[in-house]
Number of protein chains: 2
Amino acid sequence: MKKDIDNKLQSKNIKPTAMRQLVLQVLTEQNTAINLHDLELKFDRADKVTLYRTLRTFEENQLIHRIDDGTGAVKYALCQEKCNCHPEDLHVHFLCTKCNQTYCLNDIPVPTINLPNSFSLESVNMVVKGVCSNCKL
Amino acid sequence: MKKDIDNKLQSKNIKPTAMRQLVLQVLTEQNTAINLHDLELKFDRADKVTLYRTLRTFEENQLIHRIDDGTGAVKYALCQEKCNCHPEDLHVHFLCTKCNQTYCLNDIPVPTINLPNSFSLESVNMVVKGVCSNCKL
DNA sequence: AAAGTTCATGCAACCGGATTGCAAACTTAG
DNA sequence: CTAAGTTTGCAATCCGGTTGCATGAACTTT
Ligand SMILES: [Mn+2]
Ligand SMILES: [Mn+2]
Ligand SMILES: [Zn+2]
Ligand SMILES: [Zn+2]
């Protein structure tokens, strides 16, 4: 619903322009992460740079998080409600090698690692590759 | 030692050309992963494409493994003796946010993940970011 | 040894994703 | 309304990775 979209933007201190509403709409309907190119395809006529900057704004304001799954193009997905993109909020991502879709495994937290002495931890990127349930059929 | 280099190449079925000897030399002396650009800088006069293809050959023959640490350029490091680049051989990598060096944490295996039902696992990429012991001083 | 085959190298060009510069359009405050 | 700030669109650029092609070295066959 339109109001929800606007509220979400407002709550993250993002001015709800037309473009941003549309992009957030798409991201909300999406259940896998999406990259800039594929986002562009969701619109008949939209400037890639504007989409790029929209995503950047969303990311800066922690509405979405970036996922580098090694496919070459960075993907984005909505953050969870409570997420602050801190190390403890991090979850595992899954890249399907058949359909190339990337899933947020929101309820699988990144396992803790015992780093060697005098290495300190800031964040973790964990991407699991395999075949997703859709492609398993 | 020169002989060791050649033997290593031979053992992986890689013809020991001059270039390959030199590159393997550099990789052996290195204790962090290196990307194509930095490898190029290690030589006064070397063609980037040749280095690129040398790395590719090394990777194909499992002499080295690629590390995508999210810095934009793929890094490479020597494989362990017994490594066959199978899922069970995978280890964690560490990227220092200060010096940008990437370390192979060879004795930290990638933790096992309980994937959702009907997702199958092929491989895992786990990169930990933080500050390395060198930069901690 | 000459000719033929295979593989490695060097150079130029291309590709695709990410990013920047800049001016026009729009929004908001006074 | 006007001025200042923000967002948008278009063109251009950057940068890592990759390919095509011609030359050169090494190895085989006759
Ligand atoms: Mn996610
Ligand atoms: Mn490694
Ligand atoms: Zn799939
Ligand atoms: Zn460091």
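Per chain, numbering begins at 1; letters A, B, ... match sequence-line order. Predicted model, so just to flag it, every value in this text is computed and none were measured. Because only heavy atoms are used, hydrogens play no part in the values below, and waters and symmetry mates are left out as well, while side chains stay in.
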S.K.: Could you see if B:I67 belongs to whatever hydrophobic cluster contains B:L90? Use Ile, Leu, Val, Met, Phe, Trp, Tyr and a side-chain cutoff under 4.5 Å.
M.R.: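 They do not share one cluster, since no chain of ILVMFWY contacts under 4.5 Å joins B:I67 to B:L90.
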
S.K.: What residues form a side-chain contact (heavy atoms from CB on, under 4.5 Å) with A:T71, not counting sequence neighbours?
M.R.: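 Partners of A:T71 by the side-chain contact (heavy atoms from CB on, under 4.5 Å) criterion, ordered by chain and then number, come out as A:D69, A:K75, A:L95, A:N100.
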
S.K.: Going only through I, L, V, M, F, W and Y residues with side-chain contacts under 4.5 Å, is there a path from A:F43 to A:V49?
M.R.: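 Looking at the clustering, A:V49 is in a separate group from A:F43.
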
S.K.: Could you tell me how far apart A:Y52 (OH) and C:dG21 (C1') are, to the nearest whole angstrom?
M.R.: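 Rounded to the whole Å, the gap is 13 Å.
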
S.K.: Treat primed atoms plus P, OP1 and OP2 as sugar-phosphate and everything else as base, then score nucleotides 7-14 of chain D 5' to 3': B for base contact with protein heavy atoms under 4.0 Å, S for sugar-phosphate contact only, - for none.
M.R.: SBBBB---

S.K.: In chain order, what residues pass the salt bridge (Lys or Arg N to Asp or Glu O under 4.0 Å) check against A:R20, with sequence neighbours excluded?
M.R.: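 A:R20 satisfies salt bridge (Lys or Arg N to Asp or Glu O under 4.0 Å) with no residue once adjacent residues are dropped.
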
S.K.: To the nearest Å, give me how far apart CD (B:E40) and P (C:dT9) are.
M.R.: 15 Å

S.K.: Within the side chain of A:T97, is there an N or O that forms a donor-acceptor pair under 3.5 Å with the backbone of A:G130?
M.R.: yes

S.K.: According to a hydrophobic-cluster definition based on side-chain heavy atoms being under 4.5 Å apart (Ile, Leu, Val, Met, Phe, Trp, Tyr only), do A:V124 and A:F119 belong together?
M.R.: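 Yes, same cluster.
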
S.K.: Check whether B:N61 reaches the backbone of B:K12 with its side chain - one donor and one acceptor, N or O, closer than 3.5 Å.
M.R.: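 Judged by distance alone, yes, a pair lies under 3.5 Å.
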
S.K.: In whole Å, I'd like the distance from the CD1 atom of A:I34 to the P atom of C:dG17.
M.R.: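 My rounded result for the distance is 14 Å.
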
S.K.: Who pairs with B:E59 by side-chain hydrogen bond (donor to acceptor under 3.5 Å, both in side chains), at least two apart in sequence or on another chain?
M.R.: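 With sequence neighbours excluded, B:E59 shows a side-chain hydrogen bond (donor to acceptor under 3.5 Å, both in side chains) to B:R66, given in chain and number order.
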
S.K.: To the nearest angstrom, how far is B:I14 atom CD1 from C:dC7 atom P?
M.R.: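 Going from B:I14 (CD1) to C:dC7 (P), I get 15 Å.
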
S.K.: In whole Å, I'd like the distance from the CZ atom of A:R56 to the P atom of C:dT19.
M.R.: 8 Å

S.K.: Please report, rounded to the nearest Å, how far the C1' atom of D:dG17 is from the CZ atom of B:R66.
M.R.: 10 Å

S.K.: Can you tell whether the side chains of A:K42 and A:E29 come within less than 4.0 Å, N to carboxylate O?
M.R.: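 A salt bridge is absent here (no side-chain N lies under 4.0 Å from a carboxylate O).
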
S.K.: Is it true that B:K98 and A:E122 have a side-chain N and a carboxylate O under 4.0 angstrom from each other?
M.R.: no

S.K.: With side-chain contact (heavy atoms from CB on, under 4.5 Å) as the criterion, how do B:Y76 and B:L36 come out once you've worked through the C-alpha distance, each side chain's angles and the decisive distance to 0.1 Å?
M.R.: CA-CA 8 Å; B:Y76 296 88; B:L36 179 55; 5.7 Å; no

S.K.: Any residue in residues 4-13 of chain A with a heavy atom nearer than 4.0 angstrom to DNA chain D? Just list them by number, or reply none.
M.R.: none

S.K.: Can you pull out the residues from residues 68-78 of chain A that lie within a 4.0 Å heavy-atom distance of DNA chain C?
M.R.: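 Per residue number, the list reads A:G72, A:A73, A:V74.
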
S.K.: Calculate the interatomic distance between A:E60 atom CD and D:dT6 atom P; express it in whole Å.
M.R.: 13 Å

S.K.: Find the distance B:H37:NE2 to D:dG17:P and express it as a whole number of Å.
M.R.: 11 Å

